[in-house]
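Remarks on the structure that follows.
FYI, side chains are in, hydrogens and waters are out, and symmetry mates aren't considered; it's all heavy atoms of this structure. Keep in mind it's a predicted model, so treat the numbers as computed, not measured.
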Amino acid sequence: MKDPRLEQLAHLMLTHSMKIQKGDAFHITADINGLPLVKALLRQSRELSALAEVQLTQQEVERLLLEQLNPDDDGHSRDFLTDLSETGI
């Protein structure tokens, strides 16, 4: 169900704050909790004939992954987390 307040906010963000016009492209990075607003932004960008790229994050999961870092393991956890971030997994 669309929330008209989110639609209005998305329209305002795109047309006033970002000054998005027909054919423009932009990137959205948002936590999964912001999904309703992201969806409204995508609907509004379609109305404006603009292109959007979206990257959703999950901050709680990312925090838990970072808590795996153990400074006393001779760099094994650091290397693992670095490889993980570089592969996009």
Beyond-backbone contact of Leu37 with Met13, side-chain heavy atoms, under 4.5 angstrom: yes

Nearest heavy-atom approach of Leu14 to Gln44 is CD1-CB, 3.6 Å

Can Met18 be reached from Val54 by stepping across I, L, V, M, F, W or Y side chains whose heavy atoms are under 4.5 Å apart? yes

Just do the salt bridge (charged side-chain N to carboxylate O under 4.0 Å, His left out) check on Glu47 and Arg43 with the steps written out, would you? CA-CA 6 Å; Glu47 294 290 322; Arg43 284 190 291 270; over 6 Å; no

Tell me whether Glu60 at atom CD has more than 12 heavy atoms from other residues, nucleotides or ligands lying less than 6.0 Å away. no

Do Val38 and Phe26 share a hydrophobic cluster, counting only Ile, Leu, Val, Met, Phe, Trp and Tyr and linking them when any side-chain heavy atoms are less than 4.5 Å apart? yes

For atom NZ of Lys22, decide whether the heavy atoms of other residues, nucleotides or ligands shown that lie under 6.0 angstrom number more than 12. no

Check this for me: Arg63, atom CZ, are more than 12 non-hydrogen atoms of other residues, nucleotides or ligands nearer than 6.0 Å? yes

Atom of Ile20, atom of Ala50 and distance for their closest heavy-atom approach: CG2-CB, 3.4 Å

Hey, any chance Leu42 and Leu51 share a hydrophobic cluster, counting ILVMFWY side chains that come within less than 4.5 Å of each other, even indirectly? no

Leu6-Ile32 co-clustered via ILVMFWY side chain contacts under 4.5 Å: yes

Taking NE2 in His27 as the centre, count heavy atoms belonging to other residues, nucleotides or ligands within less than 6.0 Å. Is the count above 12? yes

Is the shortest heavy-atom distance from the side chain of Asp31 to the side chain of Gln58 under 4.5 Å? yes

